[in-house]
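Below: the structure, in structure tokens.
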Amino acid sequence: MNINWLIGRRDVNRVKELIAKQTAAGNPTIREREEKNLSKNKRAVTPTVFWHRMVSARITTQNPAGPGSRVDKLSNAIPFPLSLRKVRSEPNAERFIAKTVRDWGIGKSNQIAKDLATNLARLENGVWKETLKECNRLTTLVSAGEEREVATYIDDAFQGFGPKQSRNLLQMLGLTRYEIPIDSRLAKWLNEFGFPVELNASVLRSRRRYELVLDEIQKLCQKANKYPCIFDAAAFASQAPHTRRRSK
């Protein structure tokens, strides 16, 4: 797939206007991204936090995740029903995760449980150190290239995390400025905007194609002097004015 996009002044102005409008409206996700993702010094990622965000990211796949949704309620429940401590204490983690997800009325419970149990086993069998090291590379302001390296690590290391969800996880952790999850709402906005390639799930499933699309989004944002994580929050909200995005 080749993308030949001549980004013009009109394109740049539309992005600036979009972000300005959402900022003026008090978009809470934009404020959160400014406070967390754009921070020069971010909190170190711990096993407990990483696992919580991994669960939250995984259950959003093919499940509604807006405010008030079952996914949102489970992710923000106190105490968290699928905390690392709780799952570790269960004799059969996969069965426990599946039942909990199902009890909260969230779909794909068996596949979600299989993926998360597999990932937990990998972490517990020696991958924690490398995973936390990779994530904590992003606690200071690093380049887009370094962010992509960490997203690729997540994609390669964990089951159920492709190009989109690996970036969703890192964004939930408040770590990324450039690498963003291109979900159906953002794809819809870009298609309406006039992106040169029709974006759909099939196109974005391939890592190479995903990265080609993301490269163009990053170029657009660079020309507009805006960070992709801010553009992402604004575009997402413009498709669903009362929907708050994934990060917490």
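The basis for the numbers below is simple: all heavy atoms, side chains too, and nothing from hydrogens, waters or symmetry mates. Worth saying up front: this structure is predicted, and the values here are computed from it rather than measured.
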task = Mind telling me whether Phe193 and Trp189 have parallel, tilted or perpendicular rings, with 30° and 60° as the class edges?
result = parallel
request  = Check side chain to side chain donor-acceptor pair (under 3.5 Å) between Gln111 and all other residues, then give those that pass, not counting sequence neighbours.
outcome  = Asp115
Judged by modelled atom types alone, do [X] and [Y] share a side-chain donor-acceptor pair under 3.5 Å?
X	Y	result
Tyr153	Ser166	no
Asn110	Glu94	no
Gln218	Glu179	yes

query = Donor-acceptor pair, Ser238 side chain versus Ala235 backbone, under 3.5 Å?
reply = yes
ask   = Hey, mind stepping through Asp155 and Arg148 against salt bridge (charged side-chain N to carboxylate O under 4.0 Å, His left out) and telling me if it holds?
value = CA-CA 10 Å; Asp155 188 352; Arg148 182 159 297 181; over 6 Å; no
task = Could you tell me which non-hydrogen atom of Ile59 sits nearest to which non-hydrogen atom of Val71, and how far apart they are?
result =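 So the two residues come closest at O-CG2, 3.5 Å.
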query = Taking C-beta and beyond as the side chain, do Lys164 and Leu204 meet within less than 4.5 Å on heavy atoms?
reply = no
message = Applying a strict under-4.5 Å side-chain criterion to I, L, V, M, F, W and Y, I'd like to know whether Leu170 and Leu141 cluster together.
response = no
key: Arg137/Glu149 ion pair, N-O < 4.0 Å   =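 Looking at Glu149 together with Arg137, the answer is yes, because their closest N to O distance falls below 4.0 Å.
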key: Check against salt bridge (charged side-chain N to carboxylate O under 4.0 Å, His left out), Glu124 and Arg88   = CA-CA 9 Å; Glu124 301 285 66; Arg88 275 174 167 169; 2.8 Å; yes
